[in-house]
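Scroll down for the structure; my scribbles are underneath it.
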Amino acid sequence: QPPLKRAIECYKLAGEKGSAEGYYNLGHVLWTGHPPVSDSDVINVDDHPVSSEKMTFNENGDMLPNRKAAIDAFQRSIDLGDIDASYFLGV
């Protein structure tokens with residue numbers, strides 16, 4: 001399994017087990033894509049909750065950002081007490 005997909009699964013599992021940092025890291029990779037892209041390269045994808053987020057890849061194999069799923073992950077992180085996620089979302 002590719003390292004990026006393995007990392008995303010680990011972040012999700014950590015969050016599901018109560019780790020605010022797991023959800024924060026999941027939110028971060030979903031927000032930026034991998035490798036990170038500029039805001040002008042972001043495309044809108046369908047809304048998918050963290051439990052079934054959609055990872056979209058371009059022709060180069062890069063994961064494109066999914067901002068809606070990222071916000072959901074950051075909100076879950078906030079719910080678990082993560083201050084950094086609160087700053088990120090401006091809450």
Side-chain angles (χ1 to χ4, degrees):
Q1 184 176 32
L4 176 62
K5 289 184 180 180
R6 197 168 359 144
I8 288 171
E9 287 181 12
C10 288
Y11 296 152
K12 283 173 48 177
L13 180 61
E16 290 166 0
K17 292 187 177 275
S19 169
E21 291 84 3
Y23 277 133
Y24 179 86
N25 289 333
L26 177 61
H28 185 267
V29 75
L30 290 169
W31 185 268
T32 62
H34 188 79
V37 299
S38 69
D39 282 343
S40 62
D41 293 329
V42 172
I43 62 167
N44 292 319
V45 295
D46 296 331
D47 188 15
H48 294 275
V50 169
S51 60
S52 62
E53 80 275 358
K54 182 177 181 180
M55 291 185 288
T56 305
F57 296 87
N58 67 14
E59 65 278 356
N60 297 324
D62 301 332
M63 188 184 91
L64 300 174
N66 183 336
R67 299 281 167 89
K68 292 177 181 179
I71 289 169
D72 184 52
F74 284 130
Q75 186 58 56
R76 290 173 189 234
S77 182
I78 291 168
D79 293 345
L80 291 170
D82 191 287
I83 299 299
D84 292 328
S86 297
Y87 289 129
F88 188 89
L89 292 183
V91 175

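Note that the structure is a prediction, hence the values are computed from the model and not measured. Just so you know, residue 1 is the first one in the sequence shown, and it goes up from there.
- Nearest heavy atom pair, residue Ala70 against residue Gly27, reads CB-O, 3.4 Å.
- The side-chain heavy atoms of Tyr11 and Tyr24, taken from C-beta on, include no pair separated by under 4.5 Å.
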Go through Asn66 and Lys68 one step at a time and tell me if the side-chain contact (heavy atoms from CB on, under 4.5 Å) criterion holds.
CA-CA 6 Å; Asn66 183 336; Lys68 292 177 181 179; 4.0 Å; yes

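- Here NZ of Lys5 is found 12.5 Å from NE2 of His34. Values are rounded to the nearest 0.5 Å.
- Nearest heavy atom pair, residue Gly22 against residue Ala14, reads CA-CB, 4.0 Å.
- Remark: Ile78 CD1 to Phe88 CZ distance equals 10.5 Å, nearest 0.5 Å.
- To the nearest 0.5 Å, atoms CG (Leu30) and CG (Leu64) are separated by 11.5 Å.
- A distance of 13.5 Å separates CZ in Arg76 from CD1 in Ile71, rounded to the nearest 0.5 Å.
- Leu13 and Ile8 fall into different hydrophobic clusters, where Ile, Leu, Val, Met, Phe, Trp and Tyr side chains are chained together by heavy-atom contacts under 4.5 Å.
- Here Tyr23 and Phe74 keep their ring centres 6.0 angstrom or further from each other.
- The shortest side-chain heavy-atom distance between Val29 and Asn25 does not fall under the 4.5 Å cut-off.
- Considering CG of Leu26 and CD of Glu16, their distance stands at 9.5 Å, rounded to 0.5 Å.
- Separating the CD atom in Glu21 from the CG atom in Asp84 is a distance of 8.5 Å, to the nearest 0.5 Å.
- Side-chain contact between Asp79 and Gln75 is present, with heavy atoms from C-beta onward closer than 4.5 Å.
- In this structure, Ala20 and Ser77 approach most closely via the heavy-atom pair O-OG, 2.9 Å.
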